[in-house]
Amino acid sequence: NAGVTQTPKFRILKIGQSMTLQCTQDMNHNYMYWYRQDPGMGLKLIYYSVGAGITDKGEVPNGYNVSRSTTEDFPLRLELAAPSQTSVYFCASSYGAGGSETQYFGPGTRLLVL
Amino acid sequence: EDQVTQSPEALRLQEGESSSLNCSYTVSGLRGLFWYRQDPGKGPEFLFTLYSAGEEKEKERLKATLTKKESFLHITAPKPEDSATYLCAVQATSGSRLTFGEGTQLTVNP
């Protein structure tokens, strides 16, 4: 099991450019999440999904979009990148069958918007 | 609104010097409290889940405890390899979301 994988590891974007951050999990988890982590801060939830075809907003969704067409993949789309989106982005997944479910995290994508 | 506050923000210990990290929380109804370890440049790594007040869990030199308002992560005789940022998060009974604290950066000097 690779667990949760994310690509790319690092990317530099110019203001106004767009990109997609990829996230794949091979644990057959139903729930998937996208977080951002700014320096010295905790993780903030951007979007999450409870299954294929179902997504919902988290705390900080503005400037981002997601889709979930398969159980395994949960890409995060940045449209019109802004310097405020400079951050480290983490994808996570959990089984989500009910009760307290541990979230497992990917290695992160470091994004710099200049 | 669920809230998590961790203290101290940073902690420096000498190898073998035991200490505790604090996680204070407010949540409408607690489904679980999670502790994660995060090394620089990596994603959070799961350590423990605590579900109810009075519960304790241990792993090597780490022991997590839970009350109705806070959790402690006790580190006994730490080693330099325990240096990392420790994150606390709560999950409310109303959903699957985690609310994270800002973390405690632990440095253990040899």
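Here is how names work: the chains are called A, B, and so on, in the same order as the sequence lines, proteins then strands, and each is numbered from 1. Everything numeric here is computed off the predicted structure, so don't read it as measured data.
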B:E9, CD atom: more than 12 neighbouring heavy atoms under 6.0 Å: no
Residue pair B:F34 / A:T102: nearest heavy atoms and the distance that separates them: CE2-CA, 3.7 Å
A:V66 with A:F90, same ILVMFWY side-chain cluster at under 4.5 Å: no
More than 12 heavy atoms of other groups within 6.0 Å of B:E81 CD: yes
same_hphob_cluster(A:L78, A:L112) at 4.5 Å side-chain heavy-atom cutoff: no
Residues of residues 100-110 of chain B contacting chain A, heavy-atom criterion under 4.5 Å, by residue number: B:F100, B:G101, B:E102
Neighbourhood of chain B inside residues 38-56 of chain A, taking heavy atoms under 4.5 Å as contact: A:G40, A:M41, A:G42, A:L43, A:L45, A:Y48
Test log, rule side chain to side chain contact (heavy atoms under 4.5 Å, CB included), inputs B:L98 and A:Y35: CA-CA 10 Å; B:L98 291 181; A:Y35 294 88; 3.7 Å; yes
Point-to-point distance, once rounded to the nearest 0.5 Å, from NZ of B:K42 to CZ of A:F105: 16.0 Å
ILVMFWY network linking B:F72 to B:V4, side-chain heavy atoms under 4.5 angstrom: no
Interatomic distance, B:Q38 atom CD to A:Q37 atom CD [nearest 0.5 angstrom]: 4.0 Å
Which residues share a ring-ring contact (aromatic ring centres under 6.0 Å, His included) with A:Y64, sequence neighbours left out: A:Y89
Heavy-atom neighbours of B:R61 CZ exceed 12 at 6.0 Å: yes
Connected via hydrophobic side-chain network under 4.5 Å: A:F74 and A:V60: yes
Partner residues of B:K59 under the side-chain contact (heavy atoms from CB on, under 4.5 Å) criterion, sequence neighbours left out: B:L47, B:F48
